[in-house]
Amino acid sequence: MSAKRRAWLTLGAAVAGGASVVSYAVASPQDGAHGAAASVAGAPRPAEVRDVALTSADGGRPALARTRTAPFSLLGVSWTDVSARLDGTAQVRTRATATGRWSAWRALRPSATPPGGTRGASEPLWVGPSDGVEARIVTAGGSPAGLPKGLRVDLVDPGTTDGGPTGHTATTAGARGAAGGARDTASGARGTAGVGGMRTAAFVTDDPPVAVPSTVTRPPIVGRARWGANEATVAGAPRYDAEVSAVFVHHTGGSDAYSCAESPALIRALMAYDTETAGLGDLRYNFVVDKCGRIHEGRAGGADLPVRGAHTPGFDGASTGVAVLGDYDGATPTRAAVESVARLAAWKLGQYGGDPTGTVTLTASEDSGVYGQDEQAELPVISGGKDAVSTASPGANLYAELPEIRRYAASPARNSAIPTADYTGDGVSDLVAATPRTGSGVITLVPGGTGGPVAASRLRLDQASAGVPGAAESGDQWGSATAWGDINGDGYADLAVGAPGEDDTTGHADRGAVTILYGPSFTADADTMALGDDYEPRGARFGSTVAVGDFNADGRADVFTAATGTGGNWAARFDDGHEVAGDLTTATGPLAYADAASGDFNRDGYADVALNYRDASGIGRVTWFRGSRSLGLTKAATLTVKGGRAVATGDVDGDGYDDIAVGQPYTGESGGNAGGQVTVVPGSATGPTTTGVRTVHQSTADVEGASEASDGFGASVSVGDVDADGYGDVLTGAPNEDITRAGTNRANAGSVWLLKGTASGLTGTGSLALSQDSPDVPGATEKDDKLGSAVSLTDVTGDGYADLVIGVEGEDAGNGTLLYVPSPGGTPTTTRSTYYGVTQLGTAAGARLGQSLTP
């Protein structure tokens, strides 16, 4: 035996708790590219399962023969007898393709194998791109007795897709899952289900029924073709029930350490595992939701039909199965995922009169491990998988969110548009960097990606671009305000663009306008919002700020805008073509520093708006507008908290109500704090409240620096959850902060601060200050750089952690730049920070890139 082999065996035997290894496996990386799975460059490659069988090894213990394998991203273990159970715990560790590093040992959970499968199997584990694996079976006694026959490791390559079907030729050993499609082949009654006290028979049939309209808006759903389902591996025809009377919530297990850009690959791998390893004929779940809130169609047969899945053995009939990608025994599900599960459940139940907060009586069609065959079970209409089946799914933390899922599914919010800043449809938020002082104004769209903003895929738009209405005229200031949202309800983010300097055709200078562009192309069907004739058009500066949210909860986002000209006014546009409008103040003087943001401050399911501005008398104001079904949006009240220069929204204290973060950078706005401050106004059942208002500035404990006149702390603000702890954090800039280095003062060099959210609100504890002189931040501070001129705390990698994007509008003599600081694992990491400037984004010299960022 070689020394290397002995080292592996030593590693395999080191098991805590007195247990020992009774099975052991090694796979070495394949030389070269994807081996048998390789395909023509640029062409789609279907998902593939590669089996590595256990063989006899030293001492008679089962082991994997040393072998080679092409890269894989998901794995599991399986065995021949579907009714057998693994005596022990399967553990694996894998080698990452990118780094060559081996992971820690991880346990594979046993799976509640649905009947009809052809092999027993563990739950699959997503490990990301890998090229080596070691596996072992651990038992307390160390005896190999009881291990099922045919034990093997199944390695899954998710393949690639160009957005369409991944092909029609299976590349592995035929249709191993052929038997899975024949599950529940007998037509007729398979149990009973009762909703609201009424009992109905649940029949299964091969014939697709007519889709039943729902009383709830259908949320955007990523179809099977878009995520790349390999339809050639599906065995048998879809099966249909008469109705959907229950929703079972699961998690997929494995890991939540994925980017939402990888969700399609992860789902393809799950489908391959279910079809080719477990033999279920298709993906077991009806729907799959990722942590960014995107909903994917699962099992084939029609998302709007009562397709019978294979998600909850014994209770698949008359139910739908929704799985959230990730392992929620350890991780906390995101708000986006929870709300999307609720929207989806409400829509499916709304087709058949189901009550999301009610109970249902189901009859087990087989022994589920919790209920015996033919035993009746009274369950919540929205249940966790473990309520009905012997499984840990959906994990303790997602299970704890079921009451919130039921509440949300029964509220008006169930109809609301899913908030999004993703115009490419890849699951990752995208950025808008506007330079409105360049000519007529230019916006640069920068898609997010697994490695951060993708400068090479940037999209430049102005009023001379194809499909953009109007003409590019100097001084239009097109892009002075921008906001993302799904305005037409197609699942892609659309963009509202304010142009307060736009002149009309009858000689009214600076009347202003708002352009609405529709993603993903932005080249067709654009709309324009214009100031109503009831208002003074000259100098109105309509479009000085914009916000997007679903104010009437009809499934499509709406657009809010404000004018800062004489008298000041506001307007909101709705999908059904009507607008509402009104005056901001009774004064006739111009307003200034308008900034708006949308959020649900009273948690009633309708998006609201917070508008910051300075009135004609020079006093900062914050007014909130309440959304509703009947009126859409109405002016509710002006807060006692003073306005400043910037406003952002998010749930800072984690209580489910969105809060308002107001940046108050100067004396008079900041209550006497010369250096500026950030004030957070909590949301409540009655809307924004003064109870629990928290203010943080440079004199707050644990906040680096000192409050000095005109620092401008609070000149820009953004809210996002950096560490995914459920509390929104606040990123704020002080672009006029002076920094002394080597005895020389760099005036207006600028800094930013990341302030933490907690259950009691915003705090200085644990805050992080960054400038271009901070350790590991490339470059150095210079006079008038103005770092912090704009900020965005947004997850631009799709990994569930908000990243920092910081505007530095004065960099390079006014060319400007963006500083990107990623937050892998929830920790801002300056060693991986990157600049996006004129070279990367193609903006014009002197454009002051970094003066505006969205979201």
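Counting begins at 1 with the first residue of the sequence.
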Inset, instruction - Go through the steps to decide whether Thr450 and Ser259 satisfy the test side-chain hydrogen bond (donor to acceptor under 3.5 Å, both in side chains), and finish with yes or no. - result: CA-CA 6 Å; Thr450 55; Ser259 165; 5.7 Å; no

Side-chain donor-acceptor pair present, [X], [Y], cut-off under 3.5 Å:
X      : Y      : result
Ser103 : Arg95  : no
Thr700 : Asp702 : no
Thr94  : Trp102 : no
Ser760 : Thr758 : yes
Ser751 : Ser771 : no
Arg832 : Tyr820 : no
Ser263 : Asp290 : yes
Asn748 : Asp784 : yes
Thr781 : Asp773 : yes
Thr831 : Thr829 : no
Gln772 : Tyr835 : yes

Inset, instruction - Could you tell me which residues satisfy side-chain hydrogen bond (donor to acceptor under 3.5 Å, both in side chains) with Thr334, sequence neighbours excluded, listed by chain and number? - result: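 Applying side-chain hydrogen bond (donor to acceptor under 3.5 Å, both in side chains) to Thr334 gives none.
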
Checking [X] side chain against [Y] main chain: does a donor-acceptor pair fall under 3.5 Å?
X      : Y      : result
Asn815 : Gly846 : yes
Asp426 : Ala261 : no
Asp799 : Tyr801 : yes

Legend entry - Ring geometry between His251 and Tyr328 (parallel below 30°, tilted from 30 to 60°, perpendicular above 60°):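 The rings of Tyr328 and His251 sit tilted, inter-plane angle from 30° to 60°.
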
Legend entry - Ring geometry between Trp624 and Phe601 (parallel below 30°, tilted from 30 to 60°, perpendicular above 60°):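 If you compare the ring of Phe601 with that of Trp624, the planes turn out perpendicular.
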
Inset, instruction - Starting at OG of Ser707, measure out to CD of Glu737 and round the result to the nearest 0.5 Å. - result: 9.0 Å

May I ask you to decide whether [X] forms a salt bridge with [Y], counting only side-chain N to carboxylate O separations under 4.0 Å?
X      : Y      : answer
Asp422 : Arg294 : no
Arg460 : Asp462 : yes
Glu404 : Arg603 : yes

Inset, instruction - Taking the side chain as every heavy atom from C-beta outward, state whether Arg746 and Arg741 have any atom pair closer than 4.5 Å. - result: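 A side-chain contact exists here, since the closest heavy-atom pair is under 4.5 Å.
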
Inset, instruction - With the side chain counted from C-beta on, respond yes when Val717 and Val662 share a heavy-atom pair under 4.5 Å apart, and no when they do not. - result: no

Inset, instruction - May I have all residue pairs that pass side-chain hydrogen bond (donor to acceptor under 3.5 Å, both in side chains) and include part of residues 651-665, sequence neighbours excluded? - result: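 Listed once each, the pairs are Arg335-Asp658, Gln664-Gln677, Gln664-Thr679.
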
Inset, instruction - Please confirm whether Lys291 makes a cation-pi placement over Tyr258, using NZ or CZ under 6.0 Å from the six-membered ring centre and within 45° of the ring normal. - result: yes

Inset, instruction - Could you check Asp558, Asp600, Ile487 and say which one makes a side-chain contact (heavy atoms from CB on, under 4.5 Å) with Asp550? - result: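 When Asp558, Asp600, Ile487 are each tested with Asp550, the side-chain contact (heavy atoms from CB on, under 4.5 Å) holds only for Asp558.
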
Legend entry - Reference residue Pro333; test side-chain contact (heavy atoms from CB on, under 4.5 Å); the match among Val341, Asn397, Val324: Asn397

Legend entry - Check against side-chain hydrogen bond (donor to acceptor under 3.5 Å, both in side chains), Asn736 and Tyr666: CA-CA 11 Å; Asn736 295 338; Tyr666 301 115; 3.0 Å; yes

Legend entry - side-chain hydrogen bond (donor to acceptor under 3.5 Å, both in side chains) between Thr797 and Asp795, worked out: CA-CA 6 Å; Thr797 61; Asp795 180 11; 3.2 Å; yes

Inset, instruction - For side-chain hydrogen bond (donor to acceptor under 3.5 Å, both in side chains), just list the numbers for Gln851 and Arg437, CA-CA rounded to whole Å, side-chain angles, deciding distance to a tenth of an Å, and then say yes or no. - result: CA-CA 10 Å; Gln851 64 190 277; Arg437 302 176 202 173; 3.1 Å; yes

